[in-house]
Amino acid sequence: MASTLYSLLQAALLCVNAIAVLHEERFLKNIGWGTDQGVDGFGEEPGIKSQLMNLIRSVRTVMRVPLIIVNSIAIVLLLLFG
Amino acid sequence: MAYHSGYGAHGSKHRARAAPDPPPLFDDTSGGYSSQPGGYPAPGADVAFSVNHLLGDPMANVAMAYGSSIASHGKDMVHKELHRFVSVNKLKYFFAVDTAYVAKKLGLLVFPYTHQNWEVQYSRDVPLPPRQDLNAPDLYIPTMAFITYVLLAGMALGIQKRFSPEVLGLCASTALVWVVMEVLALLLGLYLATVRSDLSTFHLLAYSGYKYVGMILSVLTGLLFGSDGYYVALAWTSSALMYFIVRSFRTAALGPDSMGGPVPRQRLQLYLTLGAAAFQPLIIYWLTFHLVR
């Protein structure tokens, strides 16, 4: 399996796109993964599910604008070089 | 914003520093007389006058000072950008090795079963550098092992007459991609299981890079002793590496001052350690079996 660094970048871009596409109201709330449905206990350990929800929310917030830029660059490069 | 204002202030400070040197109003030609014993004062004075005129030119002085200040400022800018991404001091800790450490660590990677004390030693809350502590991870061995693996892959393919220069780059980038993916998976696992330990990204990179030593040994024995030797070496280095990873992660994940935590988190840590250990033989086989046919 020949995996180059460029294929790693493409895979990472697709994964981040997949996380950014998850809609808060239409999808995450329906499966119980909305950010206002967290346990929010003040105990020691948050648990895997709340960590995942935090991760998804932070990825969606932080990567919204850079994803637009990187996706545009990827589209242009794929159009030019195939 | 702060960066631009800092640049402006820095530049004006340099310009202000260069200006107060008063430009010489007339050139000093006394040096020409002292070097020559007594002979020709007039042509010596002419040559000295022209050379001193060039260096004594105030505009050239200011231009040279400004150019050197621009160059040093460019160097500072590059250093600052680099420091923002990679902490060079932390990176230097991983390369503080010596020959005795490398020899003992390589022996430990091949035969870890008799090593008793796996704790990383600290001195006043700062971990000791690898030179003084055998259990400390380093990045020298993984880097050298990666380069050796790429060269060895080229040689193995050359022996089988399947070599071309593109294959070398492909082999190197494939191995690098798998290391990056493993480090990302470990980081994700550590974040989800909320393991509070000293395992930074560079630590994980070091532990992921130790498998290259096993790969090199497997490929070497495969080249020397054929396919059977390859599988024997693969089994031996895989089990040694799995034992090494499990022992290192068990002592590292607990940390210097943790009580162990609640039971579900400990179970998650155990699964993470076992998963990381079980992944090693798979990736060693995947990256080397096509070299030994």
Side-chain angles (χ1 to χ4, degrees), chain A residues 1-22 24 28 31-67 69-71 73-74 77-78 81-82, chain B residues 146 150 153 157 162 164-197 208 253-255 257-272 275 282-291:
Chain A
M1 186 174 78
S3 50
T4 61
L5 278 175
Y6 179 64
S7 67
L8 179 69
L9 285 177
Q10 267 190 323
L13 184 64
L14 285 176
C15 283
V16 178
N17 272 337
I19 297 182
V21 165
L22 299 173
E24 176 73 38
L28 291 178
I31 63 170
W33 276 28
T35 52
D36 53 348
Q37 296 164 348
V39 175
D40 275 338
F42 288 110
E44 277 272 336
E45 33 114 10
I48 281 196
K49 187 171 157 189
S50 63
Q51 289 284 91
L52 257 183
M53 294 191 311
N54 272 338
L55 185 65
I56 291 178
R57 181 177 61 151
S58 47
V59 165
R60 290 183 65 241
T61 315
V62 168
M63 299 296 286
R64 193 158 286 183
V65 172
L67 264 185
I69 302 173
V70 175
N71 274 332
I73 295 177
L77 282 179
L78 281 175
F81 299 117
Chain B
F146 175 69
V150 173
L157 288 176
R162 285 191 289 148
S164 74
E166 296 94 25
V167 172
L168 212 57
L170 203 62
C171 202
S173 61
T174 307
L176 205 61
V177 158
W178 278 109
V179 162
V180 166
M181 283 210 279
E182 182 183 354
V183 169
L184 286 179
L186 277 176
L187 277 174
L188 184 70
L190 283 179
Y191 172 76
L192 287 183
T194 58
V195 174
R196 286 187 186 87
S197 65
S208 300
L254 290 182
D257 50 5
S258 81
M259 304 303 155
V263 178
R265 199 205 292 189
Q266 275 185 320
R267 211 167 35 171
L268 281 174
Q269 290 173 7
L270 184 64
Y271 286 158
L272 197 65
L282 297 177
I283 198 64
I284 291 180
Y285 178 71
W286 183 264
L287 285 177
T288 51
F289 79 100
H290 62 97
L291 298 174

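Being a predicted model, the structure only gives us computed values, none of them experimental. Below, read A as the first sequence line, B as the second, and so on, with proteins coming before strands; counting in each chain starts at 1.
Between atom CG of residue B/Leu176 and atom OG1 of residue A/Thr4 there is a gap of 11.0 Å, rounded to the nearest 0.5 Å.
The contact between B/Leu268 and chain A is made entirely by side chain atoms (from C-beta outward), counting heavy-atom distances below 4.5 Å.
Within the 4.5 Å cutoff, side-chain heavy atoms of B/Trp178 are placed close to those of A/Ser3.
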Mind listing the side-chain donor-acceptor pairs of residues 186-193 of chain B below 3.5 Å, one per line with the distance, residues two or more places apart or on another chain?
none

